[in-house]
Number of protein chains: 2
Amino acid sequence: MTVTETATERLVRIGEVARGAGVSVRAVRYYEQQGLLVAERSPSGQRLYRQDAISRVRFFQQMFAAGLTSRRITELMPCWDAGHTDADQRAMLRAERDRIQAKIDDLQAARDRLDEVIAITDNHP
Amino acid sequence: MTVTETATERLVRIGEVARGAGVSVRAVRYYEQQGLLVAERSPSGQRLYRQDAISRVRFFQQMFAAGLTSRRITELMPCWDAGHTDADQRAMLRAERDRIQAKIDDLQAARDRLDEVIAITDNHP
DNA sequence: CTTGCCCCTGACGTCAACGTCAGCTTTTAG
DNA sequence: CTAAAAGCTGACGTTGACGTCAGGGGCAAG
């Protein structure tokens, strides 16, 4: 079943990727510079991406929002691209997951503090 | 009942505040520079804090962790210090609360993404 | 042809909460 | 009394994900 699929995939330029993912063109270039995203080049030197680049960029944004650095993301990319992982990567995945969970707990505590203040100030106009 | 309470409150120096709150001395000075914390001065110029400075610093940390800037915190301090607030402040409180909640949602989504990957990679060793 | 739009490569600027170093004074422990 | 510990005031350095500016190319429409 795994045939060498050379079915001329439609390639898009950087502007379309940026608009599609809701980020700046500068950001997309930055991702490539960090090794997060690879692009072919047109004869004139323009970057050409496969459409899945858009969802990848969205994913990067989500991970950035969760506090992962681009370095960490590059280290963990093999976990998606290949379904394959070694022990180190699995450990890193869990570490990041736990870090995110801890952050969630902190934020909920902070939110509750603000809710208290809001409740009080609403009673003291 | 509201007597001018001059009951010689025990004052502490910056080191004790820092250790008590689990931050660096530099951080405490920074908070003063940003207008978050006020300190008396000893004749020789050393900062003297009331003990509640420690819990205040802890609170700052919590707000920082929630993504508030020192500027925002200064703007919202009156909501604690006095029980008094104006409309702008109440609006800002709610805005920050909602921002935090949105961040929580983002983090939970990110965590779930990682959980998926973890589940998959655990089945493909 | 030229106008406009998109793309390219550097490379410096930004922002926030501190870290760190220098050089000096004060307080404390023995 | 003396040395270590703690404080003080500048002031520059750090980190990450971009923003922004300079200077230049290429290509389709009018």
Side-chain angles (χ1 to χ4, degrees), chain A residues 11-49 53-54 56-77 96 99-100 103 106 110, chain B residues 10-49 53-54 56-77 96 99-100 103 106-107 110:
Chain A
L11 299 176
V12 297
R13 292 187 302 171
I14 196 170
E16 190 167 343
V17 173
R19 278 190 308 275
V23 304
S24 69
V25 169
R26 174 71 173 92
V28 179
R29 290 204 196 97
Y30 174 74
Y31 301 154
E32 177 174 336
Q33 188 182 351
Q34 300 302 306
L36 288 172
L37 215 52
V38 196
E40 293 181 48
R41 294 299 183 121
S42 79
S44 67
Q46 299 199 344
R47 278 168 257 257
L48 296 177
Y49 300 90
I54 295 179
R56 286 174 78 98
V57 169
R58 285 218 184 86
F59 176 71
F60 298 154
Q61 291 289 112
Q62 191 173 23
M63 292 300 113
F64 285 142
L68 280 82
T69 67
S70 49
R71 164 165 286 282
R72 259 296 182 273
I73 300 178
T74 51
E75 289 167 343
L76 294 177
M77 285 303 292
E96 293 297 338
R99 219 184 34 71
I100 293 174
K103 208 163 176 177
D106 286 352
Chain B
R10 169 172 151 61
L11 299 176
V12 297
R13 293 188 303 173
I14 196 171
E16 191 167 343
V17 173
R19 278 190 309 275
V23 304
S24 70
V25 168
R26 174 70 172 93
V28 179
R29 290 204 195 96
Y30 174 74
Y31 301 154
E32 177 173 337
Q33 189 182 348
Q34 300 303 307
L36 287 172
L37 215 51
V38 197
E40 295 181 48
R41 293 299 183 121
S42 79
S44 66
Q46 298 198 346
R47 277 168 255 257
L48 296 176
Y49 300 90
I54 295 179
R56 286 174 78 99
V57 170
R58 284 218 185 84
F59 175 71
F60 297 155
Q61 290 290 111
Q62 192 173 22
M63 292 302 113
F64 285 142
L68 280 81
T69 68
S70 50
R71 164 165 287 283
R72 260 294 180 274
I73 299 178
T74 52
E75 290 169 342
L76 294 177
M77 284 304 291
E96 292 297 337
R99 219 185 34 72
I100 293 174
K103 208 165 177 177
D106 287 351
L107 288 182

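Note on naming: letters A, B, ... go to the chains in the order of the sequence lines (proteins, then strands), and numbering restarts at 1 for each one.
Look at S44(B) and you'll find a side-chain N or O under 4.0 angstrom from OP1 or OP2 of dT27(C). For the OP1/OP2 pair of dT26(C) and a distance below 4.0 Å, the side-chain nitrogens and oxygens of R47(B) include no atom meeting the criterion. A close approach under 4.0 Å does occur between a side-chain nitrogen or oxygen of Y31(A) and OP1 or OP2 of dC18(D). For S70(A), a side-chain nitrogen or oxygen approaches OP1 or OP2 of dA17(D) to under 4.0 Å. Here Y30(B) does not reach the OP1 or OP2 of dC18(C): none of its side-chain N or O atoms lies under 4.0 Å away.
Counting only heavy atoms from C-beta outward, the side chains of E16(A) and R13(A) never approach each other to under 4.5 Å. Looking at heavy atoms from C-beta onward, V23(A) lies out of side-chain contact with F60(A) at the 4.5 angstrom threshold. For the pair R41(A) and R47(A), the minimum side-chain heavy-atom distance is below 4.5 Å. Residues R99(A) and L68(A) form a side-chain contact, since some pair of their non-hydrogen atoms from C-beta on lies under 4.5 Å apart. Contact of the E32(A) side chain with the R29(A) side chain is not registered, since no non-hydrogen atoms from C-beta on lie closer than 4.5 Å.
Both R71(A) and L48(B) sit near DNA chain D, but only L48(B) has its closest nucleotide nearer the 5' end. Each of Q46(A) and Q34(A) lies near DNA chain D, and the nucleotide nearest Q34(A) is the one positioned closer to the 5' end.
Note on R41(A): only backbone sugar-phosphate atoms sit closer than 4.0 angstrom, heavy atoms only; bases stay farther off. Across all strands, L68(A) comes closer than 4.0 Å only to sugar-phosphate atoms, never to a base (heavy-atom distances). When heavy atoms are screened at a 4.0 angstrom cut-off, Q61(A) is found touching the sugar-phosphate backbone but no base atom.
Taken from CG in L36(A) to OH in Y30(A), the straight-line distance is 8.0 Å, to the nearest 0.5 Å.
Put simply, CZ on R72(B) is 11 Å from P on dA16(C), counting in whole angstrom units. Summarising the geometry, the separation between CZ on F60(A) and C1' on dC18(D) is reported as 15 Å, rounded to the nearest angstrom. For Q33(B) and dA16(C), the CD to P distance is 13 Å, given to the nearest whole Å.
Remark: side-chain polar atoms of R58(B) are not paired, donor with acceptor, to backbone N or O of G22(B) under 3.5 angstrom.
For the contact set between residues 11-26 of chain A and DNA chain C, defined by any heavy atom under 4.0 Å, the members are R13(A), I14(A), G15(A), R26(A).
For R29(B), counting side-chain heavy atoms from C-beta on, the closest listed nucleotide (dG7(D), dC18(C), dT9(C)) is dG7(D).
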